[in-house]
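Each remark here refers to the structure printed beneath this line.
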Amino acid sequence: MDSKLVIYNTLSRRKELFEPINPPLVGLYVCGPTVYSDVHLGNCRTFVSFDLIFRYLLYLGYKVRYVRNITDAGHLEGDRDEGDDKFAKKAKLEQLEPMEIVQKYTLGFHDVLRLFNTLPPSIEPTATGHISEQIEMVKQIIENGYAYEVNGTVYFDVEKYSQTNDYTLLTNRQLEDMLNNTRELGGQDEKKGRLDFALWIKAKPEHIMRWPSPWGIGFPGWHIECSAMSNKYLGNQFDIHGGGMDLAATHHTNEIAQSQACNQTAPAKYWMHTNMLTVNGARMSKSAGNGFLPHELFSGNHPLLNRGYAPMSVRFFMLQAHYRSTLDFSNEALEASDKGYKRLMNAIALLPKLKASNTSEVNIAEIKDRCIQAMDDDFNSPILIAELFEVVRIINSVYDGKTKIDLKGLEQLHLLINDFVYNILGLKEDSAENNGDLEKLMDFLIKLRHEAKIAKDYSTSDLIRNSLQEIGFQLKDSKEGTIWSKS
RNA sequence: GGCCGUGUGACCGAGUGGUUAGGUUGAGGUCUGCAAAACCUUCUACAGCAGUUCGAAUCUGCUCACGGCCUCCA
């Protein structure tokens, strides 16, 4: 457990040694999706990134409580405290109950993440399920003097807060600059300060999602849910709070302020932010309309896509970039990742066929150390993957009889693949539907072709090989015989 | 305008004050009945200018370009 894991902390803007507050327990909170529409690929990247982080913490032996919320209420259109609730708006549009919207897109979200082979979080709380916790928190903040109520809406008093606290911890901005640069927005009259944000919002008569509160009928502000739920499940102080980079300046800044104002302590020790997925250099986003839906990517049914790509290839594509770098999407890049991923998995498939020698020319323990070093350095999956391609070369070389490995080395190899490829990177074979019948059938075809080759009947042997190629099975000849894989 | 960040070879993408990232692609080779696969070898790099340094693509400054946040978004 005395790992050398180093994490980039947005608070300090540098990498810090990871020291959990109560080892071996680790509390991890990640801002989840707002479920009023389909998740797009950019959203998925964040959750895949935190899946990698979650998995590596587990590998290190930590007992991680991973909380990722579902935002299903209170998220305003345009942060004006008078906009429409996103769910209510969408519900009107689709003529559905708000909770039907929530249900539909929550299920869709889960389906997509399952395809990407992410582990489910330990707890997945919803905003609507924690209204009373949010109300209690707002009450406490008011009691502590950092919020005030106007006409049924409660605002957080940023000016008061910043007298004794640093409101701009995450962004390094000057409060005055923020004041000067905030645009003139509507609905400002009620607020004392223009940076003040709503904790609780009075519901207009047409509002569908509404709850009673000490301040009248209303609904919670966007930021308070995460503060309330992280506090409930992870305590006043926990280890890691994460989310997309776009959340740092506003959402997370306000979360810190709320938690601090309520509990007199900073909520999280490490703040981690994942970078954006871009398309042609521009951020993929819902409002920009340049987002892919995952099923479009899988099927290739999108104007920007040449073909479809399997979920695991896409996951691999994401893991080949570091989580704090932007990742630019293109067909070429995906194609490259797809081929690399298949090369990796094909090599792994050879593992059971490898034969041990009495001597070993490779040092698997050394490679494992480098893999750990890579992940210890702020979860550097691209370097880990580079190391794994070294392993690919070794496996292929051993299979070809050009390199020797002993029994112990083989065991280490199995373990390495199991730990780093399956458990940490979270990759798996896409074609899990392989069954014994297919295996027998392919063996039969390979035998037929082999006999044709012995008889020098190359037209028959090529017909078998090429026909299989056409329907997606590739035959590979080697001195050890012929094997096959799905192409 | 403010804050934060980025600019690496055909493409994607790591890293580092002096040593090969890696994947994909191109070229050559080994193997093969021919291929494919695999393996070996190999080409085109660190936006520009100036400075620090024995040495910088890596540090500093400036310039240019791009992106994110400052309004909902992972």
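In what follows, chains are A, B, ... by sequence order, proteins preceding strands, each numbered from 1.
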Which value, in whole Å, describes the distance between the P atoms of nucleotides B:rC39 and B:rC54?
45 Å

Specify the separation, in whole Å, of atom NZ of A:Lys456 and atom P of B:rC34.
11 Å

Can you tell me the distance, in whole Å, between the CG atom of A:Asp400 and the C1' atom of B:rA36?
14 Å

Whole angstrom is fine here: how far is it from CG in A:Asn380 over to P in B:rG15?
5 Å

For the residue pair A:Tyr66 and A:Phe54, does the interplanar ring angle fall in the parallel (under 30°), tilted (30 to 60°) or perpendicular (over 60°) class?
tilted

Between B:rA38 and A:Asn396, is there an OP1 or OP2 to side-chain N/O distance shorter than 4.0 Å?
no

Atom P, compared across B:rU60 and B:rU6: separation rounded to whole Å
11 Å

Nucleotide nearest A:Arg449 when distance is taken to its side chain, options B:rA14, B:rA74, B:rC34
B:rC34

Under 4.0 Å from OP1 or OP2 of B:rG5: is there any side-chain N or O of A:Thr326 that close?
no

Integer angstrom distance from the P of B:rU52 to that of B:rU58:
15 Å

Regarding A:Ser461, tell me which of base, sugar-phosphate or nothing describes its non-hydrogen contacts under 4.0 Å with the strands shown.
base

Of the options A:Asp419, A:Ile424, A:Ile417, which is the one that meets A:Val421 in a side-chain contact (heavy atoms from CB on, under 4.5 Å)?
A:Ile417

Ranking B:rG22, B:rG13, B:rC34 by distance to the side chain of A:Ala386, first place goes to B:rG22

Any carboxylate oxygen within less than 4.0 angstrom of a Lys/Arg side-chain nitrogen, looking at A:Asp477 and A:Arg465?
no

Give A:Gly242 one of three labels, base, sugar-phosphate or nothing, depending on what nucleic acid heavy atoms sit under 4.0 Å from its own.
nothing

Check every strand shown and say whether A:Gly42 touches a base, only sugar-phosphate, or nothing at a heavy-atom separation below 4.0 Å.
base

Spacing between A:Phe316 atom CZ and B:rA14 atom C1', to the nearest angstrom
13 Å

Taking atom P in both B:rC3 and B:rU63, compute the distance separating them and give it to the nearest angstrom.
14 Å

Considering only B:rC12, B:rA37, B:rA14, which nucleotide approaches the side chain of A:His322 most closely?
B:rA14

Interatomic distance at C1', B:rC66 relative to B:rG28, whole Å:
38 Å

Is a donor-acceptor pair below 3.5 Å formed from side chain A:Asn275 to base B:rG67, judging by atom type as modelled?
no

Closest non-hydrogen atom pair between A:Ile405 and A:Ser360, with its separation
CA-OG, 3.7 Å

Salt bridge check, A:Lys342 against A:Asp338: does any charged N sit closer than 4.0 Å to a carboxylate O?
yes

Looking only at atom types and distance, does a side-chain atom of A:Gln320 sit under 3.5 Å from a main-chain N or O of A:Ile385, one as donor and one as acceptor?
no

I need the CG-P distance between A:Asn466 and B:rU32, as an integer number of Å.
20 Å

Please work out if A:Leu334 contacts a base, only the sugar-phosphate, or nothing of the nucleic acid, heavy-atom cut-off 4.0 Å.
nothing

Starting at OH of A:Tyr309 and ending at C1' of B:rC12, how long is that distance when rounded to a whole Å?
12 Å

Geometric class of the A:His273/A:His252 ring pair [parallel <30°, tilted 30-60°, perpendicular >60°]:
tilted

A:Tyr105 and A:Asp72: side-chain donor and acceptor closer than 3.5 Å?
no

Measuring only the P atom in each nucleotide, how far is B:rA21 from B:rA36? A whole number of Å is fine.
28 Å

Atom-pair distance (CG on A:Leu384; P on B:rA21), nearest Å:
19 Å

May I have the step-by-step check of ring-ring contact (aromatic ring centres under 6.0 Å, His included) for A:Tyr233 and A:His130, ending in yes or no?
CA-CA 11 Å; A:Tyr233 297 112; A:His130 297 76; 5.5 Å; yes

Could you walk me through whether A:Phe109 and A:Phe47 pass the ring-ring contact (aromatic ring centres under 6.0 Å, His included) test, one step at a time?
CA-CA 11 Å; A:Phe109 171 66; A:Phe47 301 122; 5.3 Å; yes

Please give me the minimum heavy-atom distance between A:Trp200 and A:Thr153, naming the atom from each residue.
O-CG2, 3.1 Å

Carboxylate-amine/guanidinium proximity below 4.0 Å for A:Arg315 and A:Asp51
yes

A:Arg465 (side chain) and B:rA36 (base): donor-acceptor pair under 3.5 Å
no

Are OP1 or OP2 of B:rG22 and a side-chain N or O of A:Arg393 less than 4.0 angstrom apart?
no

When the nearest nucleotide of RNA chain B is assigned to A:Ala321 and to A:Phe47 on a heavy-atom basis, which residue is associated with the more 5' position?
A:Ala321

Quick check for you: among B:rG22, B:rG5, B:rC11, whose closest atom lies nearest to any side-chain atom of A:Gln320?
B:rG22

Please list each protein N or O that sits under 3.5 Å from an N or O in nucleotides 24-27 of chain B, with the distance.
from, atom 1, to, atom 2, distance (Å)
B:rU24, OP1, A:Arg343, NE, 3.0
B:rU25, OP1, A:Lys339, NZ, 3.3

Could you tell me how far B:rU20 sits from B:rU42 if I compare only their C1' atoms? Round to whole Å.
13 Å

If you draw the axis of the six-membered ring of A:Phe50, does the NZ or CZ of A:Arg68 fall within 45° of it and under 6.0 Å from the ring centre?
no

Hey, is A:Tyr399 stacking on B:rA38? Ring centres under 5.5 Å, planes under 30°.
no

Write down the distance between CD1 (A:Ile464) and P (B:rA36), rounded to a whole number of angstrom.
19 Å

Report yes if a donor N or O on one partner sits less than 3.5 Å from an acceptor N or O on the other, where the partners are the side chain of A:Asp477 and the base of B:rA35; otherwise report no.
yes

Looking only at side-chain N and O atoms, does A:Ser478 come under 4.0 Å of OP1 or OP2 in B:rC31?
no

Can you give the dot-bracket line for RNA chain B, using ( ) for pairs inside the strand, [ ] for pairs that cross earlier ones, | for pairs with another strand and . for unpaired bases, where Watson-Crick and G-U count if both distances are under 3.5 Å?
(((((((..(((.....[...))).(((((.......)))))....(((((..]....))))))))))))....

Counting heavy atoms from C-beta on, name the nucleotide in B:rG13, B:rG33, B:rA14 closest to the side chain of A:Ser325.
B:rA14

RNA chain B nearest-nucleotide lookup for A:Gly244 and A:Asp377: closer to the 5′ end is A:Asp377

Pairwise P distance, B:rA14 and B:rG7 [rounded to whole Å]:
9 Å

